Amino acid sequence: MTSHLKKVELHCHLEGAAPPALTEAQARKYGIDISGQLRDGAYVWHDFASFLECYDKVSEVYKTEEDYALLTETYLDELAAINTIYSELIVSPDHGKRIGLGADAYISGVCEGIRRAKAKSGIEARLIVTGERHFGPESVIGAAEYAAKAGNPLITGFNLAGEERMGRVADYIRAFDIARDAGLGLTIHAGEVCGAFSVADALDAVRPARIGHGVRAIEDLDLVKRLADLGTVLEVCPGSNIALRVFPDFASHPLRRLKEAGVPVTISSDDPPFFHTSLEREYALAAEAFGFSDAEIDAMTRTAIEAAFVDEETRKTLLARV
Ligand SMILES: Nc1ncnc2[nH]cnc12
Ligand SMILES: [Zn+2]
């Protein structure tokens, strides 16, 4: 039982957290046919590429500032109800631009959702702006420039997501330089779809404080030692990895081996309804599938707070709550 434990999430894509029922209602409101992506209350995809397509299509039914406020509030309320005290949401202002809403209105809606949720439960949240590889290096630079110039205290990090098989991390160095110069925390999706080399690439090209997933580092034990020595924090999303068949089952998932090798690991849900999971289930899996004790799970939660892209005052307050 992990329901009593305080929880923290560092890796969840906002549109990836959209509850199917809300997406259904949004599609109906705008007269959009979503039947190819959402059937019988479940998102429909069959591999990583089709998951990304489904994700982008589902995102299109969230169109206005209020839609984004509602989506953000809904997810944060769900987190708060399971004892979550802090959440970092991966957001894509570029998406706001693509749908004609504009990046500022997109972010302003998300921030309103954070404000509403915090007023009810006290949950803290910050935003990680992401670039997506499948929209090309120029769009990733644009996302970094936006995050750097926004001057929004809730935007505290920069990420690179999307189709990991497109290009190498080195193609995106300029975007990370812009984000680093603006004082944003850096994290990169790597070692999810591609092998250990993609994690090494991220360390060589950018040396981010955190890596999204990173679990395929386990294929190279020298690299695992490098992660441990550097203290690079992995945002591990076991349910996502199993749904995307990165590993065949939880027994072969390397979460425990990485932790025992000294790599700082944390637990997140990635795109929960797409992967038939939730942060609540990921914490339960930590206990039931990986055999971690409450004390070990609390230690991972503290690791997450220590690695959070947040000011020191808030970090201290959060640490005191676990
Ligand atoms: N798991 C994931 N990997 C890469 N990009 C994503 N965008 C949304 N979810 C993602
Ligand atoms: Zn992700």
Side-chain angles (χ1 to χ4, degrees), residues 9-20 23 37 43-60 62 71-72 75 87-96 98 110 126-137 139-140 143 157-169 171-172 175 185-195 198-199 201-202 208 210-217 233-247 253 255 265-279 281-282 304 307 309:
E9 179 160 71
L10 298 183
H11 187 131
C12 181
H13 301 257
L14 176 61
E15 291 87 350
T23 297
Q37 289 74 36
Y43 293 122
V44 180
W45 54 272
H46 59 274
D47 59 11
F48 185 65
S50 75
F51 154 69
L52 289 176
E53 261 174 52
C54 179
Y55 180 100
D56 286 337
K57 199 85 190 157
V58 165
S59 303
E60 284 174 16
Y62 296 89
L71 172 56
T72 306
Y75 184 60
S87 149
E88 283 181 12
L89 295 169
I90 302 170
V91 294
S92 178
D94 244 20
H95 172 70
R98 272 194 301 276
V110 173
R126 297 292 184 275
L127 302 176
I128 300 183
V129 166
T130 196
E132 280 157 288
R133 285 175 182 229
H134 52 284
F135 294 117
S139 94
V140 177
F158 185 71
N159 201 334
L160 179 62
E163 179 50 84
E164 203 176 309
R165 294 164 291 197
M166 265 183 74
R168 302 287 290 256
V169 180
D171 304 332
Y172 301 92
L186 305 183
T187 176
I188 300 181
H189 280 67
E192 179 190 21
V193 178
C194 293
S198 66
V199 177
D201 260 12
R210 304 184 343 212
I211 286 187
H213 302 285
V215 283
R216 288 190 60 186
V233 174
L234 299 188
E235 304 155 7
V236 183
C237 311
S240 159
N241 298 152
I242 301 307
L244 285 168
R245 295 184 283 279
V246 177
F247 303 99
H253 191 284
L255 174 61
V265 292
T266 63
I267 302 167
S268 291
S269 69
D270 207 9
D271 303 281
F274 285 82
F275 301 141
H276 309 288
T277 194
S278 61
L279 187 62
R281 176 170 175 262
E282 297 300 318
F309 297 149

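This is a predicted model, so every value here is computed, not measured. Ligands are counted one by one from 1 in listed order, and the atoms in each one are counted from 1 as well.
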* In Asp270, which N, O or S atom comes closest to the Zn ion (ligand 2)? ->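 Answer by atom name: OD1.
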
* With distance as the sole test, does Asp56 use its side chain to make a donor-acceptor pair with the main-chain N or O of Glu53 at under 3.5 Å? ->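 Answer holds: no.
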
* Salt bridge present between Arg216 and Glu164 (N-O < 4.0 angstrom) ->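 Glu164 and Arg216: not salt-bridged.
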
* **salt_bridge(Arg210, Glu235) N-O dist < 4.0 Å** =>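 Between Glu235 and Arg210 there is a salt bridge, with a charged N closer than 4.0 Å to a carboxylate O.
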
* Going by heavy atoms, is Glu164 under 4.0 Å from ligand 1? ->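 It does not, in that no heavy atom of Glu164 comes within the 4.0 Å cut-off of ligand 1.
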
Please could you name the atoms of ligand 1 that [X] approaches to less than 4.0 Å, counting only its heavy atoms?
X      : value
Ala161 : 5 (N)
His13  : 6 (C), 7 (N), 8 (C), 9 (N), 10 (C)
Phe48  : 3 (N), 4 (C)
His213 : 1 (N)

* So, His189 and the Zn ion (ligand 2): N/O/S under 2.8 Å, yes or no? ->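 Under 2.8 Å: His189 contacts the Zn ion (ligand 2) through an N, O or S atom.
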
* **Name of the residue among Leu10, Ile211, Val215, Ile267 meeting side chain to side chain contact (heavy atoms under 4.5 Å, CB included) with Val236** =>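 With Val236 as partner, side chain to side chain contact (heavy atoms under 4.5 Å, CB included) holds for just one option, Val215.
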
So which heavy atom in the protein is nearest [atom], and how far is it from that ligand atom?
atom                   : result
atom 1 (N) of ligand 1 : Asp270 OD2, 2.7 Å
atom 9 (N) of ligand 1 : Asp271 OD2, 2.7 Å
atom 5 (N) of ligand 1 : Gly162 N, 2.9 Å

* Given that the side chain starts at C-beta and the backbone is N, CA, C, O, which of these parts of Glu192 lies under 4.0 Å from ligand 1, counting heavy atoms, or is it both or neither? ->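 For Glu192, the contact with ligand 1 is made by the side chain alone.
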
* Which atom names give the shortest non-hydrogen contact between Tyr172 and Val140, and what distance separates them? ->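 Nearest pair, atom of Tyr172 first, then Val140: CE2-CG2, 3.6 Å.
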
* Considering all heavy atoms, the nearest Gly212-Thr187 contact ->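 For Gly212 and Thr187, the tightest heavy-atom pair comes out as N-OG1, 3.6 Å.
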
* Work out the angle at the Zn ion (ligand 2) between NE2 of His13 and NE2 of His11, rounded to 10°. =>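 Value returned, to the nearest 10°, is 110°.
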
* Asked: Would you say Leu52 and ligand 1 have an N/O pair spaced under 3.5 Å apart?
  ->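 No - when backbone and side-chain N and O of Leu52 are compared with those of ligand 1, no distance drops under 3.5 Å.
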
* Intermediate values then yes/no, side chain to side chain donor-acceptor pair (under 3.5 Å), Tyr75 and Ser87 -> CA-CA 10 Å; Tyr75 184 60; Ser87 149; over 6 Å; no

* To do: Measure up the His13 and Tyr55 rings against each other and bin them: parallel (under 30°), tilted (30 to 60°), perpendicular (over 60°).
  =>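 Judged by the thresholds at 30° and 60°, the geometry between His13 and Tyr55 is perpendicular.
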
* **Test of ring centre spacing under 6.0 Å for Phe51 and Phe275** =>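 For Phe51 and Phe275, the ring centres are under 6.0 Å apart.
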
